[in-house]
Each structure stands twice: as C-alpha cells, then as structure tokens.
Amino acid sequence: MDENRKLYEIALMAKENAYAPYSGFKVGAAVLTADGIVYTGCNVENFSYGATVCAERTAISKAVSEGRKNIVKIAIASDSGEYTYPCGICRQVISEFMPEGEIIVGKDKEIKVYKASELMPHAFAPDK
Ligand code: THU
C-alpha cells in the first residue's frame with residue numbers, strides 16, 4: 001500500500017478513539033515524522049466547548065512532546081463522507097511544525113495530497 005494511503009488508514013483507525021459527545025463529529029489524524037515514526041490523534045471535546053482539541057493538534061502535540069518536531073506528513077479522516085480539511089487553528093499549528101510538509105485527506109477510495117503552504121498561504125510565521 002502506498003505511504004499516503006497507509007497514513008490515511010491509520011487516521012481512520014485513530015478516529016475511533018475520538019471523544020466527540022457534543023458535536024458527534026469524530027476526527028482522526030496521523031502524523032509521520034522525518035525519522036519514520038507515526039503518532040495518532042483524535043478530537044477531544046469538552047463540555048466547556050472552547051477547551052476542545054482537534055485531532056490534528058492532538059497528533060502534532062504527541063509527536064512534539066516526544067521530541068519529534070520534524071513532521072513531514074499529516075493525514076486527516078472523519079465519517080463525513082467528504083474530504084476533511086484542517087480548521088484554521090490547526091493550519092496555523094501545521095505551519096509551525098511542518099511548513100514544508102504534506103496534508104493528506106481522503107474520501108472513499110480517493111486520496112488528495114496538498115502542500116501545507118497550499119492550505120495555509122502567507123502563514124503567520126517568524127522570518128527564517
Ligand atoms: N475538528 C477536528 O478535530 N479537526 C478539524 O480540523 C476540524 C474540527 C473537531 C473539533 C470538534 O470536536 C469537531 O471536529 C466539530 O467541530
């Protein structure tokens with residue numbers, strides 16, 4: 001199986017752990033680090049809605065907190081039947097940790113791959 005498809009399938013599995021009693025919208029994410037490790041994430045909601053954390057940020061925080069800041073890909077999955085794109089806050093976090101990376105979204109058997117810079121052009125970022 002192709003690497004992008006594999007990462008998307010892992011995101012689909014991660015979705016099963018979503019804690020989404022308020023929205024009912026389960027999301028899974030999987031990030032691949034430069035050294036080949038995969039970290040998964042899901043959305044974790046809270047009755048104080050603003051405390052909710054998206055699947056993408058859960059996965060990225062897991063990688064970074066384990067010392068892996070060099071993230072090359074992130075796949076995102078939900079049950080919506082449509083491609084699930086990262087929200088604005090997640091695009092900002094993706095820009096921080098994987099500005100040169102790829103974002104993988106899927107729908108049925110179809111996979112789409114975007115450069116992070118395509119989904120977050122002119123990101124708010126320090127000069128490098
Ligand atoms: N959500 C994500 O996990 N990722 C996104 O990029 C968009 C939104 C979650 C947050 C909330 O738990 C639910 O989807 C509905 O907004």
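Whatever order the structure lists them in is the order used to number ligands and atoms, beginning at 1.
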Do any nitrogen or oxygen atoms of [X] lie less than 3.5 angstrom from nitrogen or oxygen atoms of ligand 1?
X	result
Cys87	yes
Glu56	yes
Cys54	no

Measuring to protein heavy atoms, does anything land under 4.0 Å from atom 1 (N) of ligand 1?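 Flag for atom 1 (N) of ligand 1 set to true, protein heavy atom closer than 4.0 Å.
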Does [X] reach the side chain of [Y], with side-chain heavy atoms less than 4.5 Å apart?
X	Y	answer
Pro86	Leu119	yes
Val38	Val31	no
Val27	Ile76	yes

Would you call the rings of Tyr85 and Tyr83 parallel, tilted or perpendicular, taking 30° and 60° as the class edges? tilted
Between Glu118 and Lys115, is there a donor-acceptor pair closer than 3.5 Å when you use the side chain of the first and the backbone of the second? yes
Suppose we measure from atom 9 (C) of ligand 1 to each protein heavy atom; which comes out shortest, and what is that distance? Asn43 ND2, 3.5 Å
The closest protein heavy-atom partner of atom 3 (O) of ligand 1 is Ala55 N, 3.0 Å
Indicate, as side chain, backbone, both or neither, the part of Tyr22 found under 4.0 angstrom from ligand 1 when only non-hydrogen atoms are considered. neither
Taking 4.0 angstrom as the limit and counting only heavy atoms of [X], give me the atoms of ligand 1 inside it, by number and element.
X	result
Pro86	6 (O)
Ser23	13 (C), 15 (C)
Glu45	11 (C), 12 (O), 13 (C)
Tyr85	6 (O)

Please round to the nearest 0.5 Å and tell me the distance separating atom CZ of Arg57 and atom OG1 of Thr52. 9.0 Å
Indicate yes or no: does Glu66 engage Lys62 in a salt bridge with an N to O separation below 4.0 Å. no
Run the salt-bridge test on Glu3 and Lys73 with the 4.0 Å N-O cut-off and return the result as yes or no. yes
